[in-house]
Amino acid sequence: MNCDRVLFLLNGYVDGELDLVTSLEIEEHLRGCAACSAQQRSLAALHAATADKALYHAAPAALEQRIRGSLKKASPQPPFWSRFTWRWLAPAAALVVILILIAGTLGRSWMLANQQTRLAQEVQTAHVRSLMPNHLMDVASSDQHTVKPWFNGKLDFSPPVTDLAAEGFPLVGGRLDYLDGRQVAALVYRRNKHYINLFIWPSPDGGLGLQRSTYNGYHLFHWNQAGMTFWAVSDVNPDDLLAFIHAYQKNTQ
Amino acid sequence: MSVEQDKQARFEQVILPHIDAAYNLARWIVNNDQDAEDIVQESFLRAFKYFASYQGGNSRSWLLTIVRNMCYDWMHQNRGQGQAVELDDEIAEDEAGAGDPETFLQLKIDHQMVASALEKLPAQYRELIVLRELEEMSYKEIALIAGIPIGTVMSRLARARDRLKACLGRRQDEEGAHEL
């Protein structure tokens, strides 16, 4: 191992981040090289000086109490009298619920069709908008370990992220978007010169098999899986989009 | 226990214990006690709001990612600083190499000097040193929190340390000059 390489790896060595073989090679070099050995000692001295606990700023005592107080304010307690009213209303409520269920089942299939069309329109619009300059990504990275945690603290759910470069659909980044009245995750993949948007958000509906819709000439697919709804849209031909979906589903089981 | 009370209890059990780590990071990034307190309070509120996205795993890293982002958002709004690294022309010549190690080894350093030198570093260098040395985090954890690849953690940390050494060397020179 030469000096350049040792100096390049020196911080990793001092921090104990390197594998055993590499560490041993570095130690062997240090034994025989005064210059690098001096660098290592200098770095170790700095490490010791900066790992000094006197530098640690612990939270002021009152801060924890203030935070507990504001957490309590942030989660309102249900009013105590709600327990009593339920007993009085129960029989009447049950009847109303049955009537609603009957009417609901009839209206549901019609509503569902409308809802899907509206959602397909929203998804297609969001896709086209994302293709405008500088609208595609909030975080640009092909590393799923960068994209997935980027959503932490920005969404109230954690989208499954995986890179599919091996299957011909590299991950290029992620973005926050807004669909169906809520914030959603958008994962951006590339297929040759085209982009695929995969929108993800939590859904209480159960496992819905793959559904296909078209809107404005675009092919869209959607499905439910593991408590989330997925919508995939792209300019690529539907066969490629299907291949992408199968690869994604396979890699996120 | 209601669902709401359940959520708060679980949050206080899993996330709140990291309050020192949260404050330490915020304080070192923004260099001010009061601002750090405000940011930490906001961070916990936000973490609570998005608690459903915490799926187990490293709770400290999850929280500190939120705290770190809050710090930079706050600095952008309140100090007009984006992700831009502050420039310090004095140090430029020391950037070229690791500097003379023997000189550094001769320095007498106390923690006040280190604190003072750390405060002068650009925030994006300083945060790496804080996470590595004071929070004792691995490169992998640091990479997650700072949103950079692991290789970048090592190289940026190396540059941060070079700058710190140069800064400490200069401070020693200044103090030596005063004694004369």
Side-chain angles (χ1 to χ4, degrees), chain A residues 7-12 14-18 35-43 45-60 62-64 66-68 70-78 139 141 143 145-159 202, chain B residues 2 4-5 7-8 11-12 16 19-20 22-24 27-28 33 36-37 40-41 44-55 61-62 65-66 69-70 98-99 101-102 104-105 109 111 114-115 118 129 132-134 136 138-139 143-145 147-149 154-155 157-158 161 164-165 168:
Chain A
L7 290 177
F8 176 73
L9 293 170
L10 199 58
N11 280 268
V14 168
D15 291 326
E17 290 279 337
L18 304 179
C36 287
S37 175
Q39 292 289 358
Q40 184 266 328
R41 279 179 288 119
S42 159
L43 196 52
L46 182 71
H47 165 66
T50 48
D52 189 345
K53 286 305 179 195
L55 292 167
Y56 200 94
H57 291 289
L63 183 57
E64 184 171 336
R66 281 221 309 278
I67 290 174
R68 283 183 193 269
S70 58
L71 289 180
K72 198 154 183 198
K73 265 188 267 173
S75 49
Q77 311 301 316
V139 55
S141 169
D143 180 8
H145 300 297
T146 298
V147 173
K148 188 176 165 82
W150 180 84
F151 289 105
N152 285 349
K154 299 184 179 78
L155 289 172
D156 58 4
F157 65 98
S158 194
Chain B
S2 76
E4 291 296 338
Q5 288 170 306
K7 179 189 175 193
Q8 185 174 343
F11 184 85
E12 288 182 356
L16 197 51
I19 186 171
D20 283 332
Y23 182 77
N24 182 52
R27 173 59 181 75
W28 275 113
D33 291 340
E37 282 193 50
V40 169
Q41 189 157 357
F44 272 101
L45 274 175
R46 166 164 280 210
F48 187 60
K49 181 176 174 196
Y50 292 109
F51 192 33
S53 77
Y54 169 67
Q55 316 239 293
S61 297
W62 183 80
T65 309
I66 296 174
N69 288 332
M70 276 292 202
E102 297 297 349
F104 181 73
L105 285 163
I109 302 174
H111 83 266
V114 177
L118 258 182
I129 293 187
R132 172 77 273 278
E133 307 288 16
L134 294 177
E136 295 174 27
S138 67
Y139 284 8
L144 277 175
I145 293 173
I148 53 181
M154 183 170 85
S155 58
L157 190 53
R161 283 168 165 160
L164 192 55
K165 275 195 265 181
L168 285 166

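Chain naming here is simple, since letters A, B, ... match the order of the sequence lines and numbering starts at 1 in each.
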Trainee: Using non-hydrogen atoms only, which part of A:Tyr56 is less than 4.5 Å away from chain B: side chain, backbone, both, or neither?
Mentor: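 Both backbone and side chain.
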Trainee: So which residue, B:Thr65, B:Val40, B:Val114, B:Ile66, ends up with the most heavy-atom pairs under 4.5 Å with chain A?
Mentor: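 Most heavy-atom pairs under 4.5 Å with chain A: B:Val114.
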Trainee: So which part of A:Phe151 gets closer than 4.5 Å to some heavy atom of chain B, the side chain, the backbone, both or neither?
Mentor: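 Looking at A:Phe151, nothing touches chain B.
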Trainee: Considering all heavy atoms of both residues, which atom of A:Ser158 and which atom of B:Ser53 are nearest to each other, and what is their separation?
Mentor: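 Closest heavy-atom pair between A:Ser158 and B:Ser53: CB-O, 3.7 Å.
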Trainee: Which atoms form the tightest heavy-atom contact between A:Pro149 and B:Leu144, and what is the distance?
Mentor: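 Shortest heavy-atom contact: CG-CD2, 3.5 Å.
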Trainee: What part of A:Leu155 lies closer than 4.5 angstrom to a heavy atom of chain B: side chain, backbone, both or neither?
Mentor: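 Only the backbone of A:Leu155 comes within 4.5 Å of chain B.
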Trainee: Considering only heavy atoms and a distance below 4.5 Å, find which of B:Trp62, B:Trp28, B:Phe44 pairs most often with chain A.
Mentor: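 Winner by heavy-atom pair count: B:Trp28.
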Trainee: Are B:Leu105 and B:Glu102 side-chain neighbours, meaning at least one heavy-atom pair lies under 4.5 Å?
Mentor: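 When only atoms from C-beta onward are counted, B:Glu102 and B:Leu105 do touch, with a gap below 4.5 Å.
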Trainee: Find out whether B:Met70 and B:Arg46 are in side-chain contact, i.e. whether some heavy atom of one side chain is under 4.5 Å from a heavy atom of the other.
Mentor: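 A side-chain contact under 4.5 Å exists here.
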Trainee: Between B:Tyr23 and A:His57, what is the ring plane arrangement, given parallel below 30°, perpendicular above 60°, and tilted in between?
Mentor: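 Aromatic pair B:Tyr23/A:His57 classed perpendicular.
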Trainee: So what's closer than 4.5 Å to chain A heavy atoms on B:Gln41: side chain, backbone, both or neither?
Mentor: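 Its backbone and side chain both get close to chain A.
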Trainee: Would you say B:Arg132 and A:His47 make side-chain contact, with heavy atoms under 4.5 Å?
Mentor: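 A side-chain contact exists here, since the closest heavy-atom pair is under 4.5 Å.
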Trainee: Do you know which of A:His145, A:Arg66, A:Arg41 has the most heavy-atom pairs under 4.5 Å to chain B?
Mentor: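 Ranked by heavy-atom pairs under 4.5 Å with chain B, first place is A:Arg66.
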Trainee: Minimum heavy-atom separation for B:Lys165 to A:Leu46, with atom names?
Mentor: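 Residues B:Lys165 and A:Leu46, closest heavy atoms: CG-CD2, 3.9 Å.
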Trainee: Against chain B, label A:Asp143 side chain, backbone, both or neither, depending on which of its atoms sit under 4.5 Å from a heavy atom there.
Mentor: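 Neither the backbone nor the side chain of A:Asp143 comes within 4.5 Å of chain B.
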Trainee: Specify the closest pair of heavy atoms between A:Lys148 and A:Pro159, including all atoms of both residues, with the distance to one decimal.
Mentor: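 Distance-wise, the nearest heavy atoms are NZ-O, 3.1 Å.
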Trainee: Which bit of B:Ala115 is near chain A, if near means a heavy-atom gap under 4.5 Å: side chain, backbone, both or neither?
Mentor: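 Backbone plus side chain of B:Ala115, per the 4.5 Å heavy-atom cut-off to chain A.
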Trainee: Could you tell me if the side chain of A:Asn11 sits less than 4.5 Å from the side chain of B:Tyr139, heavy atoms only?
Mentor: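 Of all side-chain heavy-atom pairs linking A:Asn11 with B:Tyr139, at least one is under 4.5 Å.
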Trainee: Picking from A:Pro202, A:Ala51, A:Pro60, A:Ala49, which has the most non-hydrogen pairs under 4.5 angstrom with chain B?
Mentor: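 Highest number of pairs under 4.5 Å: A:Pro60.
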Trainee: I'd like to know if A:Lys72 pairs up with B:Glu12 as an ion pair, taking the criterion as any Lys NZ or Arg NE/NH1/NH2 lying under 4.0 Å from an Asp or Glu carboxylate oxygen.
Mentor: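 No, no charged N to carboxylate O under 4.0 Å.
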Trainee: Can you tell which of A:Thr146, A:Leu10, A:Asp52 has the highest number of heavy-atom pairs within less than 4.5 Å of chain B?
Mentor: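 Top option by heavy-atom pairs under 4.5 Å: A:Asp52.
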Trainee: Under 4.5 Å from any heavy atom of chain B, what part of A:Leu9 do you find: side chain, backbone, both or neither?
Mentor: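 A:Leu9 touches chain B through backbone and side-chain heavy atoms alike.
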Trainee: Quick one: what part of A:Ser70 sits under 4.5 Å from any heavy atom of chain B, side chain, backbone, both or neither?
Mentor: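 Contact with chain B is through both the backbone and side chain of A:Ser70.
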Trainee: Judged by atom type as modelled, is there a donor-acceptor pair below 3.5 Å linking the side chain of B:Lys7 to the main-chain atoms of B:Phe48?
Mentor: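 Side chain of B:Lys7 to backbone of B:Phe48: a pair is present.
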Trainee: Under a 4.5 Å heavy-atom cut-off, does chain B meet the side chain of A:Glu64, its backbone, both or neither?
Mentor: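 Both the backbone and the side chain of A:Glu64 come within 4.5 Å of chain B.
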Trainee: Chain A heavy atoms under 4.5 Å from B:Phe51: which part of the residue, side chain, backbone, both or neither?
Mentor: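 The answer is neither part of B:Phe51.
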Trainee: Can you tell which of B:Asn69, B:Asp33, B:Ile148, B:Leu16 has the highest number of heavy-atom pairs within less than 4.5 Å of chain A?
Mentor: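 Greatest number of close heavy-atom pairs with chain A: B:Leu16.
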Trainee: Report which part of B:Ile19 has an atom under 4.5 Å of a heavy atom belonging to chain A: side chain, backbone, both, or neither.
Mentor: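 Backbone plus side chain of B:Ile19, per the 4.5 Å heavy-atom cut-off to chain A.
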